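Down below is the structure, laid out as structure tokens.
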Amino acid sequence: MIKLYNTMTGKKETFEPLNGKKVNMYVCGITAYDMCHLGHARSAIVFDIIKRYLRYCGYDVTHVRNITDIDDKIIARAAKEKISTEEVARKYTQEYYNDMKLLGVSSADIEPNATDHIEAMIESIKTLIDKGYAYPLDGDVYFEVKKFEGYGKLSGKKLDDLESGARVDVDNRKKHPFDFALWKSSKEGEPFWESPWGKGRPGWHIECTAMSSKYLGESFDIHGGGADLIFPHHENEIAQSEACTGKLFVKYWMHNGFITVDKEKMSKSLGNFFTIKEILEKYEPEVVRYFLLSAHYRSPIEFSDAQLNESEHSIDRYYTTALRVREFLSHTGGKDKPGNPNELQGLMDSFMGKFTGAMNDDFNTASALGYLFELIRELNKYLDAKPSGQGAREVVQRVNEMLLETGGVLNIFNKSPEEWYSALIKVKKLALSEELLLQKIELRKAARDNKDWSEADRVRDELYEQGIILEDKPDGTSWRVRVG
RNA sequence: GGCGACGUACCCAAGUGGCUAAGGGGGAGGUCUGCAAAACCUUUAUGCAGCGGUUCGAAUCCGCUCGUCGCCUCCA
């Protein structure tokens, strides 16, 4: 039984989709006017994991993630770069897809662009006018918030409070300061579409109303996005959609917390952001994903190199164990010496339940990761006891499968140790080829065979300086990339 | 001004009424090792911002205080 926190009620609720095992989920994507930063990555990764977990639980999920490809910021950017709005949108949409691919975030099932749905938006706006919820004004169309009973129910705001706390210049032509644009007339030189109210473009919020109902129906299960979208964006979507259909728009509203830098929200306007591209220059994507899953999705998470380095350590701990497991499985045979798997066996019996328990509790990935590392420790302990034989083999294999299965849900632990180390060499820009490295190890082996310890240590220290750590084992020396 | 969230060890972080307060990183000691590394073991919060209250029992519920942050404007 999955429980999830619903922003609408402010409580954790039992997840019961509108239609059996079918889950329709809409997550607000990006406005394609600039490079994406880590905050965008968090939202993408969080909802990707939620989708993966729901599917793991047997739900049939349809995931829609939109791209806003026409908007004031795009127009401003186009003017600045002296190119068309289409080119701006195309360029940054492409960058976005590229970032998502590098991050290892799966695609949504449907990734609609706003400009492909202008007709549907116009239809929605017409309906809102016909029903008396919207009014045209000098080529614009506004939604009249006072007409929608329940405006503010998602964000917990009251219109009177909004009025008195207004921090923006009020457009006096509107009936209420918080009436928002469904349609904006275009100024000279701006892109436009023909409409019953003249040439113009849609307001931001209406695209999600039009596209979500097109692909997921008038009522659907989950609507997600960053917490900064709660007001006004999602509040306005509710007003538009429910005014249009008279039906419940969304059953569960989910919002991820912010990334902070020096405790402040990472944002374009503060200028304290790091682009996904910049971060992936220094860190492996799996490290970034792990970092973002190491805190609960609704909590703020402080970005820092120290934190990313810790995440790198954690992932490396897994791959070090993965290497041990593989060596064990490739060698073990012979005498049946299952060791004492009791502690490990106990944890194996409870592990899957602990994992799903954590994930069922509002997708508590941080807690789930704790259980994974608990299992890793027990596995290491078991391997330390040097068990052998078929029984031991089956135990280790089963634990390994559990780690891969649960790691798979979290989209981590999905490489071979070699892939991990070679990715680390790349991302840490080590000026050392694997070939040269193996030569050095041979060189050192010769010294060790001669018990020339000072020469052996010299080679090891030299490699350490270059970011490589050597480990001497009974059957030879292996290497790892130094992390952290 | 209105609304809301958060404050757990040296750092990050889970835990939201009841066994010894997960897990990761770091520190100290140990086992192993030619020495290391890795791994494992022990240790590092009689206490969960502070003060009251409810309760047989609270980090967990309630109130107040202090501190930090967010939304109220485009924002993931």
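In the text below, chain A, chain B and the rest are named by the order of the sequence lines, each starting its count at 1. Remember, predicted model here, so these are calculated numbers, not experimental data.
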So A:Phe413 and A:Tyr319, would you call those rings parallel, tilted or perpendicular, with 30° and 60° as cut-offs? perpendicular
Take A:Ser43 and A:Glu264, find for each the nucleotide of RNA chain B with the closest heavy atom, and name the residue whose nucleotide sits nearer the 5' end. A:Glu264
A:His313 side chain near B:rG26 phosphate (N/O to OP1/OP2, under 4.0 Å): yes
Tell me whether the OP1 or OP2 atom of B:rA38 has a side-chain N or O from A:Asn380 closer than 4.0 Å. no
Hey, does the side chain of A:Ser299 come within less than 4.0 Å of B:rA14's phosphate (OP1/OP2), counting only N and O? yes
More than 12 heavy atoms of other groups within 6.0 Å of A:Tyr97 OH: yes
Sugar-phosphate only, base, or nothing, as touched by A:Glu374 at under 4.0 Å among non-hydrogen atoms: sugar-phosphate
Answer yes or no: does atom CG of A:Asp305 have more than 12 heavy-atom neighbours from other residues, nucleotides or ligands under 6.0 Å? yes
Ranking B:rC69, B:rG25, B:rA14 by distance to the side chain of A:Lys263, first place goes to B:rC69
Look at the side-chain N and O atoms of A:Arg377 and state whether any lies under 4.0 Å from the OP1 or OP2 oxygen of B:rG23. yes
On RNA chain B, compare the nucleotides closest to A:Gly29 and A:Tyr5; which residue's is nearer the 5' end? A:Tyr5
According to a strict under-4.0 Å criterion, is A:Arg317 in side-chain N/O contact with OP1 or OP2 of B:rG24? yes
